[in-house]
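Take a look at the structure set out below.
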Amino acid sequence: MGAPVAYDPAEMRAAQAEAARLRAACDMLKGAPKSSRDDPNFVESFFSASRLHFIGMWKTRLESLMLSGVIGGPTPNPGPGAQVIFHVDLDCFFASVAESEHPLFSGKPLAVCHSNNAKGTAEISSANYEARKYGIRAGMFMAGAKQLCPDLIVVPYNFERYQEVSEQAYKIMMACSACVQPLSCDEAFLDVTGLGDPFQLASRLRADIQAATGCTASVGIGHNLLIARLATKRAKPDGQCHIQEAEAASAMLSLELSDLPGVGWATSKKLASLGLQSVADLQAWSKARLQAELGDKTGAALWDASRGIDTRRVAPPAVRKSLGAEVNWGVRFDSPQDATRFLGKLAEEVWTRMGAAGVQGRSLTLKLKKRKEGVYNPVKFMGHGICDNLSRTHTFHRPAHSAATIHRAACDMLTSLHVPHADIRGIGLGMSRGL
DNA sequence: ATCCTCCCCTAC
DNA sequence: TAAGGTAGGGGAGGAT
């Protein structure tokens, strides 16, 4: 690592000044840090500043827009037979939006984060490719990032702008193909079967997105969703890549196990403990053996994935099965009444979202994070630290009919879990069944 | 067999 | 000081 480039000092000063101006103008950063302890509207202010909340809600929101036809509805994909799939992904989305709006930032290492504190535990949400040259990654604490790159330019979130850019990008994607499956604000699958030369189509799509938004997009092309997504990894940043069906098998062998869909941290560990180190190792196991070790579905899915087999289709949004709201940061209670009051806010939040979605529900789940024995000070400021996760579900005879009904059931479950109020580090409420 | 509950895991 | 959400799928184990 180390500095890949020497930046022009005057330009860097100007860029830093611009970033400082953006932070000063950011409403979210006004005032002292808030928690459930000192902010009566903590649930609301937390959600308005949470990037994970923004990301989590995006898909739901966009799917509603598509289902209601506001931004053009999806049509079914062309049916069985050879397909051509695009996986479209805007490059380091949040960072790109900032860079596109402020020419001073281009070519300099930049990250999106709530705090610029070089000693702090604020998490980096998005880092541009210049910053990545220093080893800076999403999820890193600011303290670590500033050690790697003291010159790092830190800009605050701009959720309104992300929304605008995302909608523009989606309009362009839907003009390219009527069959679009949203994955996130910055990522979608397109079925472009029969729409002409895929490489030209992808070039035009990327050019259109860049012209409209100032942000670059990468496109992976493949005969199924898995291969298309793999192709995107090769295409990034600001590129496109077509992995032909004939090369798919060898492409799979070049991957790490953790690159396979469904293989995260825990499954990687599990596979390693079984002596499986590579995709080739995985291919050597029979489907039955994988199923015996990992479960029926998981084993079969891995057997398929290791061979580049993926039978999913690009699908329109499905009917929602659950809806929930949770807060696992800044949760500190001084009394049982504090916890009860907080649950009331969450119940209102869930009830409001149910109303907005026009759904009902019969099953209410309470999720709790309980401080693990002996763990008092999380590494992350106001974080939940190391916790045990607990949950309880209550089923109503009739669909829940008010925030108060939800609140009452939630309080009963909270009581039944017997967690001292001072040990609670996170709370969530979710509604399911019969939505 | 088929459910339900209480988890865990994953992906974005 | 800083904003660790959301939804879906699946598995273990028990009840029906």
Side-chain angles (χ1 to χ4, degrees), chain A residues 23 26 28-36 39 42-63 89 93 113-123 125 138-139 141-143 156-157 159 182-188 229 258 260-270 291 294-301 317-331 349-350 353 363 365-369 377-395 413 417 425-433 435:
Chain A
R23 292 194 300 271
C26 182
M28 272 182 272
L29 301 175
K30 295 276 193 318
K34 293 289 167 46
S35 72
S36 61
D39 180 358
F42 181 65
V43 170
E44 192 185 339
S45 60
F46 173 76
F47 282 137
S48 72
S50 163
R51 104 266 190 191
L52 286 174
H53 171 74
F54 175 85
I55 293 167
M57 294 291 275
W58 178 263
K59 197 170 162 192
T60 300
R61 186 181 161 279
L62 188 70
E63 286 180 349
D89 195 329
F93 182 49
C113 190
H114 276 303
S115 166
N116 185 43
N117 182 343
K119 293 183 176 139
T121 57
E123 269 173 59
S125 175
F141 285 162
M142 185 51 67
Y157 296 86
F159 294 122
L183 296 180
S184 179
C185 53
D186 60 348
E187 196 179 342
R229 177 173 261 147
S258 59
L260 299 181
V263 180
W265 191 83
T267 307
S268 287
K269 285 273 170 281
K270 172 112 198 190
Q291 287 175 311
L294 298 150
D296 260 20
K297 305 262 189 166
T298 309
V319 178
R320 194 139 59 131
K321 295 179 178 168
S322 68
L323 177 161
E326 58 190 276
V327 181
N328 298 308
W329 186 89
V331 176
E349 180 68 31
V350 166
R353 290 191 203 172
S363 246
T365 299
L366 172 72
K367 294 172 62 176
L368 271 196
K369 281 192 179 293
N377 294 311
V379 172
K380 184 174 176 58
F381 173 70
M382 277 295 148
H384 55 63
I386 302 168
C387 286
D388 288 316
N389 299 303
L390 307 169
S391 77
R392 277 285 181 281
T393 301
H394 172 87
T395 302
M413 290 189 280
L417 281 168
R425 289 286 182 272
I427 300 201
L429 277 182
M431 191 64 81
S432 60
R433 282 169 72 183
L435 284 190

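Proteins come first, then strands; the chains are lettered A, B, ... in the order of their sequence lines, and each starts at number 1. The basis for the numbers below is simple: all heavy atoms, side chains too, and nothing from hydrogens, waters or symmetry mates.
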Closest to side chain of A:Asp186, choosing from C:dG8, B:dT10, B:dC12: B:dC12
Touch class at under 4.0 angstrom, heavy-atom based, for A:Leu260 against every strand present: sugar-phosphate
Position toward the 5' end of DNA chain C (nearest nucleotide), A:Thr298 or A:Phe381: A:Phe381
Any A:Lys321 side-chain nitrogen or oxygen under 4.0 Å from OP1 or OP2 of C:dG9: yes
A:Thr395 side-chain N/O to B:dT5 phosphate OP1/OP2 under 4.0 Å: yes
So which protein N/O to nucleotides 3-5 of chain C N/O distances come out below 3.5 Å?
from  : atom 1 : to       : atom 2 : distance (Å)
C:dA3 : OP1    : A:Glu123 : N      : 3.3
C:dA3 : OP1    : A:Lys380 : NZ     : 2.3
C:dA3 : OP2    : A:Glu123 : N      : 3.4
C:dA3 : N6     : A:Met28  : O      : 2.2
C:dG4 : OP1    : A:Arg51  : NH1    : 2.9
C:dG4 : OP2    : A:Ser50  : OG     : 2.8
C:dG4 : OP2    : A:Leu52  : N      : 3.3
C:dG4 : N7     : A:Asn328 : O      : 3.3
C:dG4 : N7     : A:His384 : N      : 2.8
C:dG4 : O6     : A:His384 : N      : 2.8
C:dG4 : O6     : A:Gly385 : N      : 2.7
C:dG5 : OP1    : A:Asn328 : N      : 2.7
C:dG5 : OP2    : A:Asn328 : ND2    : 2.4
C:dG5 : O4'    : A:His53  : N      : 3.2
C:dG5 : O3'    : A:His53  : ND1    : 3.4
C:dG5 : N3     : A:Leu52  : O      : 3.3

Whether A:Trp329 and A:Phe381 hold their rings parallel, tilted or perpendicular, with breakpoints at 30° and 60°: perpendicular
A:Leu368 CG - B:dC6 C1' separation (whole Å): 13 Å
Nearest heavy-atom neighbours spanning A:Cys113 and A:Glu123: SG-O, 3.2 Å
Exam field: side chain A:Ser36 to backbone A:Gly330, donor-acceptor pair closer than 3.5 Å: yes
Residue-phosphate contact under 4.0 Å: A:Ser322 side-chain N/O, C:dG8 OP1/OP2: yes
4.5 Å side-chain heavy-atom contact, A:Arg229 and A:Glu187: yes
Phosphate-side-chain proximity, A:Thr267 and B:dT10, N/O vs OP1/OP2 below 4.0 Å: yes
Proximity to the side chain of A:Arg433 - top-ranked nucleotide from B:dC4, B:dC7, C:dG8: B:dC4
Side chain of A:Ser391 - closest among B:dC4, C:dG11, B:dC6: B:dC6
Spacing between A:Ile427 atom CD1 and C:dT6 atom P, to the nearest angstrom: 14 Å
Atom pair distance, as rounded to whole Å: CG in A:Asp296 and P in C:dG9: 17 Å
Distance below 4.0 Å between A:Arg229 side-chain N/O and B:dC12 OP1 or OP2: yes
Ring geometry between A:Phe54 and A:Trp58 (parallel below 30°, tilted from 30 to 60°, perpendicular above 60°): tilted
OP1 or OP2 of C:dT1 under 4.0 Å from side-chain N/O of A:Asn117: yes
Pi-cation contact, A:Phe47 with A:Arg353 (under 6.0 Å, within 45°): yes
Touch class at under 4.0 angstrom, heavy-atom based, for A:Trp265 against every strand present: sugar-phosphate
Distance in angstrom units between A:Leu390 CG and B:dC8 P, rounded: 9 Å
